[in-house]
Amino acid sequence: MKDIKVQLQKKVYKALNKIAGDNEILSENVIVENPPKPELGDIAFPMFPYAKVLKKSPASIAVLISDILSSDDNVNTYKPEGPYVNIRLGRENITKQTFSDVEEKKGSYGFNTSRQNEKIMVEFSCPNTNKPLHLGHLRNDSIGESISKILAFNGAVVSKVNLINDRGVHICKSMLAYREFGGGTTPESEKIKSDHFVGKYYVEFDKWLKKNPEADKMARDMLLAWEKGDPEVRELWTKMNKWTVDGIEETYRKTGVSFDRIYYESQTYTAGRDEILKGLEKGVFYKDENNTVWVDLSDINLDKKVLLRGDGTSLYLTQDIGTAIARHNDWPFNTLIYVVASEQQYHFKVLFHILGKLGYEWADKLYHLSYGMVNLPEGRMKSREGTVVDADDLIAELTELAAAEIKNKEREEQVGNIDTTSEKIALGALNYFLLSAAPTKDMIFNPAESLSFNGNTGPYLQYMGARISSILRKYGNTEGLKNADLSLLSLDDEWEIIKLIHIFPEIVEEAGQELNPSLLASYIYDLAKKFSKYYHDYPVLNNGNKSLVAARAALCSAVRQVFENCFSLIGIPYLDAM
RNA sequence: GCGUCCAUAGCUCAGCUGGAUAGAGCAUCGCCCUUCUAAGGCGAGGGUCAGAGGUUCGAAUCCUCUUGGACGUACCA
């Protein structure tokens, strides 16, 4: 559709100049747009901008341009409508081309090469090992996974990386509380998912701290002991970290999240130190009387920032500098995208700037994909007030609701395995919900409403997919569909659907450019809605005309393929029955 | 204080680089299961696009200010 628009732009440009004669030269950048309603045509050119130069009314220009263009084109039709030239495209070629494209590419329909030869690293998730994942992590994971898939579908080579924050005072707090109150219990003995088991002691620590202010200092001491390699502390640390990581990995498996490489903070946290010292030698940084190393950021209108403490220990920022450099060595990327919440914008601004100062020419290829917070109707989630929405609980709840719905509709038999189907519905609901809002925006999770499966939701999309599958199952062998007579698809409703199928690759490209999965979410919802109305109004199988049945089945088949491909990009499992 | 971002229907969100009466879902109220699964379809009501200026033939969209909010501005991560 893009190239068609460009061609038409050129034609309109030429026609405009024909009217202008040699008086005026017009900008080649002719404005194109989509008409607000399908009845108005497929593509529109507003004529307002040329009124002044041509000394004619927009409406009369529209008439002239339409005439000129019509005389030279027997494929598309041009119609002046008020100040607009509205164009109806010849449907035959586009339809034929679109269908054969889908038929040929199948699972890779939508794939394009706009990001070919790019190596893109995507960092996301980055959990702490003191507690299980919550809803905020789920948004991070959804975005990270989706963006990675989208970029790969744009031809890039993508490497997904995770950085597990397994070091620091937070894990020491859980460790202390466990040592104090755990009494040698284990996740197995208590039959609690292992990350939740550890999280329980993190909460326990907070309670303890209220009665015993000493606890804070004890945690810091434990961290020091850890850094010194105290064997007892290390042993406990290893054990508890494993519990958490095992539990988190189980959640990853359930939500379809995976990584090409996992970094552990405990292994990388010292890596930045040498870089800072090198920078100090080069005079990029400076040291104060306490041996603290600083960077002056007044060149980007920011304050100064500590890079190394006086005792030589490193900070979050220090570590991230080291990690970035290590990553570039491990896998020389063209771009590194950090999927991290918006609250860390300042951090990344500073990080990128410092890497630039250190002379890494790839510093300007680092990008912070800053996504908004997930809030509750009452406001921010607060662990202290126990309002944090736990990831596993949420998924379990959604799964139960889906299972109840299946039973309620008496679909057990058709669905087959209720457990796996319910899980897929839960996942579809969750990912669609999290990805349908633009990443940059904060969003509100209203438990009551967000658990619904009706309306603009993942399950609605899955349901449409299941209906298409059902129709195609009833149709039988779909092999012959490539020979279907597509000219029978003459309804406007069919044309609207075909156009949507046609532009799918363009939407994929745009979503990649803008790093915005929500474009795909609203695209597929649009397609689902149009298809839903279409098959409701026009029988695919029971219309009494064998050729028409084949043509419509072919349309179903193409829509199904786009569903599958688009679904996979935004983490919605495709279901053949539900 | 300073910086970044945000403000569209009662609620949750769309609205592309400015363009034709501002769109969905939820909620409310009607209608539709003897035809491919009603997790569905159709219809109704509901908007001074926070407010005020400006640029433009034309602004929800761009610029300025005001108001209201989020986040940040730690030798936390």
Side-chain angles (χ1 to χ4, degrees), chain A residues 29 31-37 40 44 46-49 51-52 57-58 81-84 86 126 128 165 167-170 265 290 292-294 301-303 305-311 313-320 340-347 349 370 372-373 375 377 379-380 402 405-406 408-411 414 425 429 433 436-438 440-446 448-450 452-464 466-468 470-475 510 514 518-519 521-522 525-526 529 532-533 535-537 539-543 549 552-553 556 577-578:
Chain A
N29 195 14
I31 293 159
V32 212
E33 57 188 57
N34 301 320
K37 283 188 175 178
L40 292 168
M47 293 293 121
F48 304 100
K52 202 180 265 178
S57 74
E81 245 145 336
Y84 294 88
N86 288 336
C126 303
N128 289 340
N165 298 304
R167 178 208 75 93
V169 79
H170 54 84
E265 193 192 343
N290 301 321
T292 305
V293 180
W294 296 82
N301 266 328
L302 296 174
D303 215 350
K305 193 97 185 155
V306 172
L307 294 175
L308 273 182
R309 293 193 186 97
D311 61 5
T313 57
S314 35
L315 290 90
Y316 177 52
L317 185 58
T318 326
Q319 165 226 310
D320 252 7
V340 180
S342 57
E343 49 189 0
Q344 294 195 35
Q345 280 181 100
Y346 178 83
H347 169 76
K349 198 171 173 186
S370 152
M373 327 253 4
N375 294 316
R380 194 168 178 163
E405 196 71 15
I406 291 169
N408 188 32
K409 295 184 196 307
E410 298 178 349
R411 299 286 303 168
Q414 292 91 330
I425 292 170
F433 177 79
S436 56
T440 49
K441 292 199 172 178
D442 289 352
M443 63 189 295
I444 292 178
F445 176 80
N446 183 326
E449 286 174 18
S450 307
S452 157
F453 295 158
N454 300 323
N456 189 353
T457 64
Y460 169 81
L461 299 170
Q462 289 173 313
Y463 176 72
M464 285 310 142
R467 294 299 301 269
I468 297 174
S470 166
I471 290 170
L472 289 170
R473 254 195 316 276
K474 290 197 166 120
Y475 177 79
E510 205 185 337
E514 296 185 15
S518 80
L519 299 180
S522 40
Y525 178 66
D526 194 17
K529 234 171 100 75
S532 175
K533 180 168 167 50
Y535 88 85
H536 180 269
D537 291 351
V540 173
L541 303 175
N542 310 323
N543 59 43
V549 169
R552 288 183 176 171
C556 288
M578 69 184 278

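Chain letters run A, B, ... following the sequence lines, proteins first and then strands; every chain starts at 1.
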Identify the nucleotide, in any strand shown, that forms a Watson-Crick or G-U wobble pair with [N], with both distances under 3.5 Å; if there is none, say none.
| N | value |
| --- | --- |
| B:rU37 | none |
| B:rC42 | B:rG30 |
| B:rC2 | B:rG72 |
| B:rA24 | B:rU12 |
| B:rA7 | B:rU67 |

> side-chain contact (heavy atoms from CB on, under 4.5 Å) with A:Lys529: which residues, sequence neighbours excluded?
Replying inline: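 side-chain contact (heavy atoms from CB on, under 4.5 Å) list for A:Lys529, sorted by chain: A:Tyr460, A:Tyr525.
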
So do [Y] and [X] actually touch side chain to side chain, heavy atoms under 4.5 Å?
| X | Y | result |
| --- | --- | --- |
| A:Ser342 | A:Thr440 | no |
| A:Lys305 | A:Tyr346 | yes |
| A:Thr318 | A:Leu308 | yes |
| A:Phe453 | A:Tyr463 | no |

> Donor-acceptor pair under 3.5 Å: do we get one between A:Lys37's side chain and the base of B:rU21?
Replying inline: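 Indeed there is one.
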
> Between the base of B:rA14 and the side chain of A:Asp526, is there any donor-acceptor pair under 3.5 Å?
Replying inline: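 Checked by distance alone, the answer is no.
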
> A:His170 and A:Asn165: side-chain donor and acceptor closer than 3.5 Å?
Replying inline: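 No, no side-chain donor-acceptor contact under 3.5 Å.
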
> Do we see a donor-acceptor contact under 3.5 Å between the side chains of A:Asp311 and A:Thr313?
Replying inline: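 The criterion, which ignores hydrogens and geometry beyond distance, is satisfied for A:Thr313 and A:Asp311.
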
>> If the glycosidic angle sits within 90 degrees of zero it is syn, else anti. Tell me which applies to B:rC29.
In response: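 Base orientation relative to the sugar is anti.
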
Can you measure [X] atom [atom1] to [N] atom [atom2] for me and round it to whole angstrom units?
| X | N | atom1 | atom2 | answer |
| --- | --- | --- | --- | --- |
| A:Asn454 | B:rU12 | CG | C1' | 15 Å |
| A:Leu519 | B:rC13 | CG | P | 17 Å |
| A:Asn301 | B:rC2 | CG | P | 13 Å |
| A:Leu461 | B:rA24 | CG | P | 17 Å |
| A:Asn446 | B:rG10 | CG | C1' | 13 Å |
| A:Asn375 | B:rC5 | CG | C1' | 14 Å |
| A:Phe433 | B:rA39 | CZ | P | 22 Å |
| A:Lys529 | B:rA39 | NZ | C1' | 15 Å |

Counting the atoms with a prime plus P, OP1 and OP2 as sugar-phosphate, which does [X] contact under 4.0 Å by heavy atoms, base, sugar-phosphate, or nothing?
| X | value |
| --- | --- |
| A:Pro35 | base |
| A:Asn408 | nothing |
| A:Ala437 | sugar-phosphate |
| A:Leu307 | nothing |

Is [X] near enough to [N] that one of its side-chain N or O atoms lies under 4.0 angstrom from OP1 or OP2?
| X | N | value |
| --- | --- | --- |
| A:Asn34 | B:rC16 | no |
| A:Lys441 | B:rA70 | no |
| A:Ser452 | B:rC26 | no |
| A:Tyr525 | B:rG23 | no |

>> As a test of reading the structure: which of B:rG25, B:rA14, B:rA20 is closest to the side chain of A:Asn456, going by heavy atoms?
In response: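 Out of B:rG25, B:rA14, B:rA20, the nucleotide with an atom closest to A:Asn456's side chain is B:rG25.
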
> Where each residue is assigned the nucleotide of RNA chain B containing its nearest heavy atom, which of A:Ser522 and A:Asn165 is assigned the position nearer the 5′ end?
Replying inline: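 It is A:Ser522 whose nearest nucleotide is closer to the 5' end.
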
>> Here's a test of your reading of the structure: between A:Glu81 and A:Pro459, which maps to the more 5' nucleotide of RNA chain B?
In response: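 Upstream on the strand: A:Glu81.
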
For the [atom1] atoms, the ones on [N] and on [M], what distance do you get once it is rounded to whole angstrom?
| N | M | atom1 | answer |
| --- | --- | --- | --- |
| B:rC13 | B:rC71 | P | 16 Å |
| B:rU8 | B:rA50 | P | 6 Å |
| B:rA44 | B:rG3 | C1' | 48 Å |
| B:rU37 | B:rG41 | C1' | 14 Å |
| B:rU55 | B:rC62 | C1' | 8 Å |
| B:rC5 | B:rA39 | C1' | 37 Å |
| B:rG1 | B:rC65 | P | 15 Å |
| B:rU61 | B:rA7 | C1' | 14 Å |

>> On a heavy-atom basis, which atom in A:Leu317 and which in A:Val306 lie closest, and how many Å separate them?
In response: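 Where A:Leu317 meets A:Val306 most closely, the heavy atoms are CD2-O, 4.5 Å.
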
>> I need the minimum non-hydrogen distance between A:Ile425 and A:Pro459, along with the two atoms involved.
In response: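 Scanning both residues, the minimum pair turns out to be CG2-CG, 3.9 Å.
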
At a cut-off of 3.5 Å, list every protein nitrogen or oxygen paired with a nitrogen or oxygen from nucleotides 72-75 of chain B, distance to 0.1 Å.
from, atom 1, to, atom 2, distance (Å)
B:rC75, N4, A:Thr292, OG1, 3.3

> Which distance, rounded to the nearest 0.5 Å, do you find between the NZ of A:Lys474 and the OG of A:Ser470?
Replying inline: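 Answer rounded to 0.5 Å: 4.0 Å.
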
>> With rounding to the nearest 0.5 angstrom, report the CE to CG distance, A:Met443 to A:Asn375.
In response: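 Rounded to the nearest 0.5 Å, the CE-CG separation comes to 10.0 Å.
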
Check nucleotides 34-37 of chain B against the protein and report each pair of N or O atoms closer than 3.5 Å, with its distance, or say if there are none.
from, atom 1, to, atom 2, distance (Å)
B:rU35, O2', A:Asn542, ND2, 3.1
B:rC36, O3', A:Lys474, NZ, 3.0
B:rC36, O2, A:Leu541, N, 3.1
B:rC36, N3, A:Val540, N, 2.9
B:rC36, N4, A:Tyr535, O, 2.2
B:rC36, N4, A:Tyr538, O, 2.9
B:rU37, OP1, A:Ser470, OG, 2.9
B:rU37, OP2, A:Lys474, NZ, 2.7
B:rU37, O2', A:Tyr463, OH, 2.9
B:rU37, O2, A:Arg411, NE, 3.2
B:rU37, N3, A:Arg411, NH2, 2.9
B:rU37, N3, A:Met578, O, 2.6
B:rU37, O4, A:Met578, N, 3.0
B:rU37, O4, A:Met578, O, 3.3

> Should A:Tyr316 and A:Glu265 be marked as a side-chain hydrogen bond (donor to acceptor under 3.5 Å, both in side chains) after you check the CA-CA gap, both sets of side-chain angles, and the distance that decides it?
Replying inline: CA-CA 10 Å; A:Tyr316 177 52; A:Glu265 193 192 343; over 6 Å; no

> Should the pair A:Glu343-A:Arg380 be classified as a salt bridge under the 4.0 Å nitrogen-to-oxygen rule?
Replying inline: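 Salt bridge flag = yes for A:Arg380 with A:Glu343.
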
